Amino acid sequence: QVQLVESGGEVVQPGGSLRLSCAASGFNLDEYDISWFRQAPGKEREGVSFIRGNTDRKYYGHFVKGRFAISRDNAKNTVVLQMNSLEVEDTAVYYCAARISTYGSAWYLRDTYTYWGQGTQVTVSS
């Protein structure tokens with residue numbers, strides 16, 4: 001059974017850090033493009049970060065501004081999103097998504113992803 005499970009979301013103060021994990025079962029993550037998306041209340045789901053299958057090329061949303069880092073742990077079949085210098089505006093439900101590695105489709109297009117996790121809540125508040 002193919003499944004993605006996110007973890008690591010919690011309440012953190014502005015300026016703090018969180019490490020989100022996306023664990024896959026039923027397929028090998030290293031052959032897939034993996035993205036993190038987020039959705040805040042009343043807003044559309046937006047792309048946060050992307051790592052391409054096989055090559056590990058990475059992309060980030062414009063709002064990241066060097067604060068986040070995506071990485072892949074093939075031994076654990078997991079993709080990690082390290083988030084530093086968190087801001088109140090980063091509050092959202094964070095989702096990971098997977099698609100067969102492909103070129104020609106922009107990484108932030110939600111409809112190009114086949115598998116989605118259930119999401120993990122990140123709240124940045126003082």
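Numbers here simply count residues along the sequence, with the first being 1. This structure is a prediction, so every number in the text was calculated from the model and none was measured.
Between Leu81 and Ser49, the shortest heavy-atom contact is CD1-CB, 4.0 Å. Nearest heavy-atom pair, Ser17 versus Asn84, reported as atom, atom and distance to 0.1 Å: OG-OD1, 2.9 Å. Nearest heavy atom pair, residue Thr112 against residue Ser105, reads CG2-CB, 4.0 Å. When all heavy atoms are compared, the tightest approach of Val93 to Gln121 is CG2-OE1, 3.2 Å. Nearest heavy atom pair, residue Ala40 against residue Thr91, reads CB-O, 3.6 Å. Smallest separation of non-hydrogen atoms from Ile34 and Ile70: O-CD1, 4.2 Å.
Looking only at distances, no side-chain donor or acceptor of Glu6 sits under 3.5 Å from a matching main-chain atom of Thr120. The backbone N or O of Ala24 lies less than 3.5 Å from a partner atom in the side chain of Asn77, making a donor-acceptor pair. Using a distance-only test at 3.5 Å, with no hydrogens or angles considered, no donor-acceptor pair links the side chain of Gln13 to the main chain of Ser126. The backbone N or O of Gly53 sits less than 3.5 Å from a side-chain atom of Asp33, completing a donor-acceptor pair. Distance alone, capped at 3.5 Å, places no donor-acceptor pair between the Ser71 side chain and the Val79 backbone.
A 4.5 Å side-chain heavy-atom check between Ile100 and Glu31 finds every atom pair outside the cut-off. With contacts defined as side-chain heavy-atom distances shorter than 4.5 Å, the pair Val124/Glu89 does not qualify. Contact annotation: the side chain of Ser25 never approaches that of Gln1 to less than 4.5 Å [non-hydrogen atoms, C-beta and beyond]. Residues Trp107 and Tyr113 are in side-chain contact: their nearest non-hydrogen atoms beyond the backbone lie under 4.5 Å apart. Using a 4.5 Å heavy-atom threshold, the side chains of Met83 and Val48 count as separate. For the pair Val80/Trp36, no side-chain contact is recorded, criterion being any heavy-atom separation below 4.5 Å from C-beta on.
Within a 6.0 Å sphere centred on OH of Tyr60, other residues, nucleotides and ligands contribute more than 12 heavy atoms.
Using a 4.5 Å cut-off between side-chain heavy atoms of Ile, Leu, Val, Met, Phe, Trp and Tyr, with links allowed through other members, Leu4 and Tyr108 fall into different hydrophobic clusters. At a threshold of 4.5 Å between side-chain heavy atoms, the hydrophobic network of Ile, Leu, Val, Met, Phe, Trp and Tyr places Val2 and Leu29 in one connected group. In terms of hydrophobic clustering, with Ile, Leu, Val, Met, Phe, Trp and Tyr side chains grouped at heavy-atom distances under 4.5 Å, Tyr32 and Phe50 are assigned to different clusters. Under the 4.5 Å side-chain heavy-atom criterion for grouping Ile, Leu, Val, Met, Phe, Trp and Tyr, Val5 is not connected to Tyr95 through any hydrophobic cluster. The cluster map of Ile, Leu, Val, Met, Phe, Trp and Tyr, joined by side-chain heavy atoms under 4.5 Å apart, puts Leu109 and Tyr94 in different clusters.
Distance check, rounded to the nearest 0.5 Å: OG of Ser21 to CD of Gln82 gives 9.5 Å. Atoms CZ and CZ, from Arg99 and Arg52 in turn, are 6.5 Å apart once rounded to the nearest 0.5 Å.
Side-chain atoms of Arg67 and Ser85 form no donor-acceptor pair, as typed in the model, at a separation below 3.5 Å.
Contacts of Glu46 classified as side-chain hydrogen bond (donor to acceptor under 3.5 Å, both in side chains), with partners at least two apart in sequence or in another chain: Arg38.
Relative to the six-membered ring of Trp116, Arg45 meets both conditions, a distance below 6.0 Å and an angle of at most 45° to the axis.
A salt bridge does not link Asp30 to Arg72: none of the charged side-chain nitrogens sits closer than 4.0 Å to a carboxylate oxygen.
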Item checked: Full working for side-chain contact (heavy atoms from CB on, under 4.5 Å) between Leu18 and Phe68 -> CA-CA 10 Å; Leu18 282 177; Phe68 300 172; over 6 Å; no

